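Atom set for the values below is all heavy atoms of this structure, side chains included, hydrogens, waters and symmetry mates excluded. Note that the structure is a prediction, hence the values are computed from the model and not measured. All chains are named by letter (A, B, ...) in the order of the sequence lines, taking the proteins before the strands, and each is independently numbered beginning at 1.
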Amino acid sequence: MWEAKLEPNVISYSAGISACEKGEQWQRALALLSEMWEAKLEPDVISYSAGISACENGEQWQRALALLSEMWEAKLEPDVISYTAGISACAKVEQWQPALALLSEMWEAKLEPDVISYSAGISACEKGEQWQRALALLSEMWEAKLEPNVISYSAGISACAKCEQWQWALALLSEMWEAKLEPDVISYNAGISACAKCEQWQRALALLSELREAKLESNAASYSPAIVALLRRRDATG
DNA sequence: CTAGGGTTAG
């Protein structure tokens, strides 16, 4: 654009930053942010949030946090989306403590985290194998009148699955029905995975049937854990 | 008109 004597604006730069998604492109994203300052095109909240997401994809969680600080310094108040992107950046690399710290920081900054922020936090707990904390976040959402949705619950069930807490995974599935939230394939698959990991193969198969009865389209992730559980049982029983 | 955030297996 510069070469064509067309001056890019803040939106063009933000789009460019957002395009720096894969692999090592986070460096390019950060370079674009600096370039904006040099060109006196002040990056806005969206440009920075896109930069934070680029850091997430590049697994650069500290740099994501650094961008959030930089925003405060530049008097560009990060919004709910900027923070949520930061939480995801931490989640991606299993940094559940900084992810939860960001959630608290949001409340302190009077930036009310929304359902997406909490779901990202639950996902961070899942990656960091903190199932109790994932459950705590779900309760916290209800208390804050932020109704968890199917995605929040699926993330919670995954956290239970990862930590081999099949009873809690099933409890969350029931809780969804009580809350009139219909579990989707992802919720079921996470539940099947939890049961399968704990050698609860009958329960895994029961969930698989439920999934089919609900006319939800099963996929490879629905069957793999159940098959693994059955194979383990076969090996165990000879 | 054109830009930013959350869920599943192994």
To the nearest Å, give me how far apart [atom1] ([X]) and [atom2] ([N]) are.
X: A/Trp131; N: B/dT7; atom1: CH2; atom2: P; value: 22 Å
X: A/Ile186; N: B/dA9; atom1: CD1; atom2: P; value: 10 Å
X: A/Ile46; N: B/dA3; atom1: CD1; atom2: C1'; value: 6 Å
X: A/Ile11; N: B/dC1; atom1: CD1; atom2: C1'; value: 9 Å
X: A/Trp201; N: B/dA9; atom1: CH2; atom2: C1'; value: 20 Å
X: A/Leu211; N: B/dT8; atom1: CG; atom2: P; value: 16 Å
X: A/Ile52; N: B/dG4; atom1: CD1; atom2: P; value: 14 Å
X: A/Ile87; N: B/dG5; atom1: CD1; atom2: P; value: 14 Å

At less than 3.5 Å, do the side-chain atoms of [X] and the base atoms of [N] form a donor-acceptor pair?
X: A/Asp114; N: B/dG6; result: no
X: A/Ser88; N: B/dG6; result: no
X: A/Ser82; N: B/dG4; result: yes

For [X], what residues pass the side-chain hydrogen bond (donor to acceptor under 3.5 Å, both in side chains) criterion, not counting sequence neighbours?
X: A/Ser117; value: A/Thr84, A/Asp114
X: A/Glu35; value: A/Tyr13
X: A/Asn9; value: A/Ser12
X: A/Lys127; value: A/Ser123

Quick one: which of [options] gets closest to the side chain of [X]?
X: A/Ser18; options: B/dG5, B/dT8, B/dA3; answer: B/dA3
X: A/Asn189; options: B/dT8, B/dG5, B/dG10; answer: B/dT8
X: A/Ser224; options: B/dG4, B/dG6, B/dA9; answer: B/dA9
X: A/Ala50; options: B/dG6, B/dG4, B/dA9; answer: B/dG4
X: A/Glu126; options: B/dA3, B/dG5, B/dT8; answer: B/dT8

Would you indicate what A/Ser152 reaches in the nucleic acid, counting non-hydrogen atoms under 4.0 angstrom: base, sugar-phosphate, or nothing?
-> base
Answer with base, sugar-phosphate or nothing: what part of the nucleic acid does A/Ser117 contact at a heavy-atom distance below 4.0 Å?
-> base
For A/Ser82 and A/Ser49, the nearest pair of non-hydrogen atoms, with its separation, is OG-OG, 3.1 Å
Smallest heavy-atom separation, A/Pro183 atom then A/Leu216 atom, equals O-CD1, 3.5 Å
Would you sort out whether A/Leu100 and A/Leu137 count as a side chain to side chain contact (heavy atoms under 4.5 Å, CB included), showing the intermediate values?
-> CA-CA 9 Å; A/Leu100 296 186; A/Leu137 287 185; 3.7 Å; yes
Contacts to DNA chain B from residues 167-181 of chain A, heavy-atom cutoff under 4.0 Å, which residues?
-> none
Give every residue pair that meets the salt bridge (Lys or Arg N to Asp or Glu O under 4.0 Å) criterion with at least one member in residues 185-213 of chain A, sequence neighbours excluded.
-> A/Glu199-A/Arg232
